[in-house]
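Okay, structure first, notes after.
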Amino acid sequence: MPELPEVETFRKYLDGTALDQKIVDVNLKPKSEKLARPSWAELKKKLLHQKLESSARIGKYLFIRLSDDGYLVVHFAMTGYFSYYKDAEDEPKYAKIILHFDNGFHLSYNSKRKFGWLDLAESIETFQKEKDLGQDALEIGFEDFYQGLKNKKSPLKPRLMDQNLVAGIGNWVADEMLYQAEIHPSSNCNKLSEEDFRHLYNTMQKILKTSVELDADYDRFPEHFLVNRREKGGTCYYTGEPLEVLEVGGRTSYVSKSRQKMFQ
DNA sequence: TCCTATGTTGTCAT
DNA sequence: AATGACAACATAGG
């Protein structure tokens, strides 16, 4: 579900389908008002008669440039995704907000739950500042990554998932990074050396790039990736041992105990 | 029936 | 100021 690689895949999907066509109507499904910000009336008014011109992404947030001015901002939360289709009968079951284009196609924002949302923003910079959103995990340099984490008095995993520090890492990417980098999620940030952080940073880049290249399609992920093993009965690719399931920072974490070193 | 879920946000406590 | 625990949001699926 939508973390950085998934949202980047949605962004590419949007770029390949829905850009440069005039929005002739916008529909809201019943009981979906909460997904529209700042309000359904304002969102609809802003989108009508405009085109989606281009897209950008910071972390799990997608920014879509509108032809007049400003941005449509989309957050997919846990179950959101886009569909671009022509026939009304192809409308997804969980469609919540639907943009209708003058070429007869439709772009729907779908979600099983009412968690994600569509919002408006004047500029990406304003939005990023208001939300205190950190640098995108694929953009941040090692030095900022290191400086942001090295002095934290906290278990590492919750800090990796803190969007104000580095944006885009959710539960599965955090587990994946820590697994491949051989670091226990409960390790204290301030006990890792610079080289440990460098290793973690390089691992993060590799995992994110690979995931994005594979369009976040887990079925195509390398066999050693943890994400497909994060389930009951899952075993470590490297050691064959059963993965431990524990809670770190309130989130379920899968750990290969003998592989991942605890820094404390 | 009960529990969990890969996200965010707000409150309250330390 | 930082950090953590917890609830709320909402719903499908095991």
Side-chain angles (χ1 to χ4, degrees), chain A residues 1-10 28-38 57-62 73-81 92-97 109-119 121 127-128 130-134 136-137 147-180 185-191 204 207-208 210-212 214-219 221 225-234 243 245-255 264:
Chain A
M1 281 167 208
E3 299 181 24
L4 188 154
E6 288 89 343
V7 177
E8 178 63 14
T9 303
F10 297 154
L28 178 75
K29 288 294 175 179
K31 296 180 192 163
S32 302
E33 293 82 1
K34 281 191 175 173
L35 300 185
R37 300 181 183 182
R57 182 192 54 72
I58 300 177
K60 306 169 194 173
Y61 295 82
L62 178 61
V73 189
V74 184
H75 195 288
F76 298 89
M78 292 208 276
T79 54
Y81 63 100
K93 182 177 175 187
Y94 298 109
K96 293 288 185 287
I97 294 176
Y109 172 87
N110 324 299
S111 185
K112 254 196 284 201
R113 288 180 250 175
K114 293 175 186 156
F115 277 0
W117 42 259
L118 281 70
D119 199 354
F127 184 91
Q128 189 170 16
E130 270 174 17
K131 294 267 182 187
D132 193 21
L133 190 59
D136 184 76
Q147 295 301 330
L149 291 168
K150 69 170 186 175
N151 292 324
K152 298 291 179 191
K153 280 195 234 161
S154 155
L156 180 53
K157 183 174 171 183
R159 297 279 69 77
L160 291 174
M161 292 174 65
D162 180 350
Q163 305 300 301
N164 305 138
L165 224 51
V166 181
I169 301 170
N171 206 18
W172 83 253
V173 173
D175 271 8
E176 190 71 55
M177 288 169 63
L178 294 162
Y179 176 68
Q180 302 301 347
S186 297
S187 295
N188 289 313
C189 294
N190 60 4
K191 298 297 182 191
M204 170 174 80
I207 287 166
L208 292 175
T210 301
S211 306
V212 166
L214 297 174
D215 295 330
D217 180 353
Y218 301 165
D219 292 342
F221 280 11
F225 265 42
L226 177 70
V227 66
N228 290 321
R229 299 167 173 272
R230 294 176 81 265
E231 59 191 16
K232 237 182 193 164
L243 295 166
V245 185
L246 46 115
E247 199 157 288
V248 182
R251 308 303 299 274
T252 303
S253 306
Y254 288 78
V255 178
Q264 57 184 352

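Each chain gets a letter, A, B and so on, in the order its sequence line appears, and its residues count up from 1. The figures here come from the full heavy-atom set of this structure, side chains too, leaving out hydrogens, waters and symmetry mates. None of these values were measured; they are calculated from a predicted model.
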For the side chain of A:Y61, starting at C-beta, report the closest nucleotide among C:dG4, B:dT8, C:dT11. B:dT8
For atom CD of A:E33 and atom C1' of C:dA10, their distance in whole Å: 14 Å
With rounding to the nearest 0.5 Å, note down the distance linking CG in A:L226 to CE in A:M177. 12.5 Å
B:dA5 base to A:R113 side chain: any donor-acceptor pair below 3.5 Å? yes
Could you state the CG-C1' distance from A:N171 to B:dA5, rounded to the nearest angstrom? 10 Å
Is the shortest heavy-atom distance from the side chain of A:Y109 to the side chain of A:W117 under 4.5 Å? no
Quickly work out the A:F76 CZ to C:dT11 C1' distance and round it to whole Å. 19 Å
Out of C:dA10, C:dG4, B:dT6, which nucleotide sits closest to the side chain of A:Y218? B:dT6
Quick one: which of C:dT3, B:dT6, B:dG7 gets closest to the side chain of A:R230? B:dT6
With a 6.0 Å cut-off on the ring centroids, do A:Y179 and A:F225 count as close? no
Can you tell me the distance, in whole Å, between the NZ atom of A:K60 and the P atom of B:dT9? 10 Å
Between B:dC3 and C:dC6 - P atom distance, rounded Å: 16 Å
Proximity to DNA chain B (any heavy atom under 4.0 Å), residues of residues 246-254 of chain A only: A:R251, A:T252
By nearest atom, which of the nucleotides B:dG7, C:dT3, C:dG13 is closest to the A:R159 side chain? C:dT3
Compare side-chain N and O positions of A:K153 against OP1 and OP2 of C:dT3 and report whether any pair is under 4.0 Å apart. no
Rounding to an integer number of Å, can you tell me how far A:D162 CG sits from B:dT6 P? 17 Å
Minimum side-chain heavy-atom gap A:R230-A:W172 below 4.5 Å: yes
Dot-bracket line, read 5' to 3' along DNA chain B, where crossing pairs take [ ] and | marks a partner on another strand, Watson-Crick or G-U under 3.5 Å: .||||.||||||||
Whole angstroms only, please: what is the NZ-C1' distance between A:K114 and C:dA8? 15 Å
Any side-chain donor near an acceptor of the partner, A:R159 and A:S154, under 3.5 Å: yes
Provide, to the nearest angstrom, the distance between the NZ atom belonging to A:K34 and the C1' atom belonging to C:dA8. 9 Å
May I ask you to say what A:P5 touches in the nucleic acid, namely base, sugar-phosphate or nothing, with a heavy-atom cut-off under 4.0 Å? nothing
Approximate separation, where rounding is to 0.5 Å, of A:K152 NZ and A:L160 CG: 12.0 Å
Check this one for me: any side-chain N or O of A:K131 less than 4.0 Å away from OP1 or OP2 of B:dT9? yes
Have A:K93 and A:N110 got a donor and an acceptor in their side chains that come within less than 3.5 Å? no
Going by the angle between their ring planes, with limits at 30° and 60°, are A:Y61 and A:H75 parallel, tilted or perpendicular? perpendicular
Side chain A:Q163, main chain A:I169, donor-acceptor under 3.5 Å: yes
Stacking check: are the rings of A:F115 and B:dT8 less than 5.5 Å apart at their centres and under 30 degrees in tilt? no
Ignoring backbone atoms, establish whether A:K152 has a side-chain N or O less than 4.0 Å from OP1 or OP2 of C:dT3. yes
Given B:dT6, B:dG7, C:dG4, the nucleotide with the shortest approach to the side chain of A:E6: B:dT6
Short side-chain to backbone donor-acceptor contact, A:N188 and A:N190, under 3.5 Å: no
Is any side-chain N or O of A:H75 closer than 4.0 Å to OP1 or OP2 of B:dG7? no
Begin from the C-alpha positions of A:L4 and A:V212 and carry the test side-chain contact (heavy atoms from CB on, under 4.5 Å) through to its verdict. CA-CA 8 Å; A:L4 188 154; A:V212 166; 4.2 Å; yes
Starting from C1' on B:dA5, measure out to CD on A:E231 and report it in whole angstrom. 14 Å
